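Please read all numbers here as calculations on a predicted model, not as lab measurements.
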Amino acid sequence: MKLRLALPIAMLAIAGFAPKALAHMIETDFSLLGQELEFTSTFSTGEPVQEAQVTIYSPENPDEPWIELTTDEAGSFSFAPDESIPGNWEIRIEQGIGHGDLWTVPVTQTGVDYDSISSGTLEQPTYAAFNNPLALAGIGVLGFGTFLGGLAYATRNRSIH
């Protein structure tokens, strides 16, 4: 009888306590602010992406950060690429797991090619159940209940050939 209660309890734990899905994305825009590029990141809900990690890589050394920044309370940061280093500058804006933007700022022999600045995404799927301890407990109860049920069945119907 106790095993029959495990499945409904586990399902309630998973369905009843799952958090809101984190399906919003980061949207970033840029503008020219004097000699610098100003980037502003917001979630798709319109909230600013505050204190996001910003990592900028130069074309000379794309594996090591040229500079690391954080966004301010408005979700903004600014920087000016070193125009003496031509190539694609990469900007990674990240906050938490699975939320981010990727920007490429091309610098030519004549300076920043503003018309060719492009964006990509660092978005990765997140699974809400794995961020929720109650949902994980429910999954554990379900798995353990299934194990016990199988063990009870095997014990009752034991036949050795």
J.: What pairs with S119 under side chain to side chain contact (heavy atoms under 4.5 Å, CB included), at least two apart in sequence or on another chain?
T.: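 If we apply the side chain to side chain contact (heavy atoms under 4.5 Å, CB included) test to S119, skipping adjacent residues, the hits are W103.
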
J.: Counting neighbours of CD on Q50 that are heavy atoms of other residues, nucleotides or ligands and sit closer than 6.0 Å, is the number greater than 12?
T.: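 Yes, because the 6.0 Å sphere around CD of Q50 holds more than 12 heavy atoms from other groups.
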
J.: Taking the side chain as C-beta and beyond, is there a heavy-atom pair between F79 and I91 under 4.5 Å?
T.: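 Yes, close enough: below the 4.5 Å cut-off.
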
J.: Please name the residue in the list S84, P81, S58, P59 that meets the side chain to side chain contact (heavy atoms under 4.5 Å, CB included) test with V107.
T.: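 Checked S84, P81, S58, P59 against V107; only one passes side chain to side chain contact (heavy atoms under 4.5 Å, CB included): P81.
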
J.: P86: what forms a side chain to side chain contact (heavy atoms under 4.5 Å, CB included) with it, not counting sequence neighbours?
T.: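 Only Q109 meet the side chain to side chain contact (heavy atoms under 4.5 Å, CB included) criterion with P86.
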
J.: Looking at P48 and G75, what are the two nearest heavy atoms and their distance?
T.: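 Scanning both residues, the minimum pair turns out to be CB-N, 3.8 Å.
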
J.: Among residues at least two apart in sequence or on other chains, which ones pass side chain to side chain contact (heavy atoms under 4.5 Å, CB included) with S118?
T.: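 Partners of S118 by the side chain to side chain contact (heavy atoms under 4.5 Å, CB included) criterion, ordered by chain and then number, come out as T104.
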
J.: Could you give all pairs that pass the salt bridge (Lys or Arg N to Asp or Glu O under 4.0 Å) test and reach residues 80-90, with sequence neighbours left out?
T.: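 For residues 80-90, and leaving out neighbouring residues, the salt bridge (Lys or Arg N to Asp or Glu O under 4.0 Å) pairs sorted by first residue read E90-R92.
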
J.: Side-chain donor-acceptor pairs under 3.5 Å in residues 26-34, sequence neighbours left out?
T.:
unit_1 : atom_1 : unit_2 : atom_2 : d
T28    : OG1    : S41    : OG     : 2.8
T28    : OG1    : D101   : OD2    : 2.5

J.: Quick one: CE on M25 to NE2 on H99, what's the gap to the nearest 0.5 Å?
T.: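 Here the rounded value is 9.5 Å.
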
J.: Let's go through L69 and F39 carefully: what are the C-alpha distance in whole Å and the side-chain angles of both, what is the deciding distance for side chain to side chain contact (heavy atoms under 4.5 Å, CB included) to 0.1 Å, and is it a yes or a no?
T.: CA-CA 12 Å; L69 310 166; F39 290 83; over 6 Å; no

J.: With heavy-atom distances below 4.5 Å as the criterion, would you say the side chains of V105 and I56 are in contact?
T.: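 No, too far: nothing below the 4.5 Å cut-off.
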
J.: Is there any side chain to side chain donor-acceptor pair (under 3.5 Å) pair reaching into residues 63-79, and which pairs are they, with sequence neighbours excluded?
T.: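 Passing the test, one end in residues 63-79: E36-S78, T40-S76.
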
J.: Test of understanding: with side-chain hydrogen bond (donor to acceptor under 3.5 Å, both in side chains), list the residues that count as partners of D113, not counting sequence neighbours.
T.: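 Partners of D113 under the side-chain hydrogen bond (donor to acceptor under 3.5 Å, both in side chains) test: S116.
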
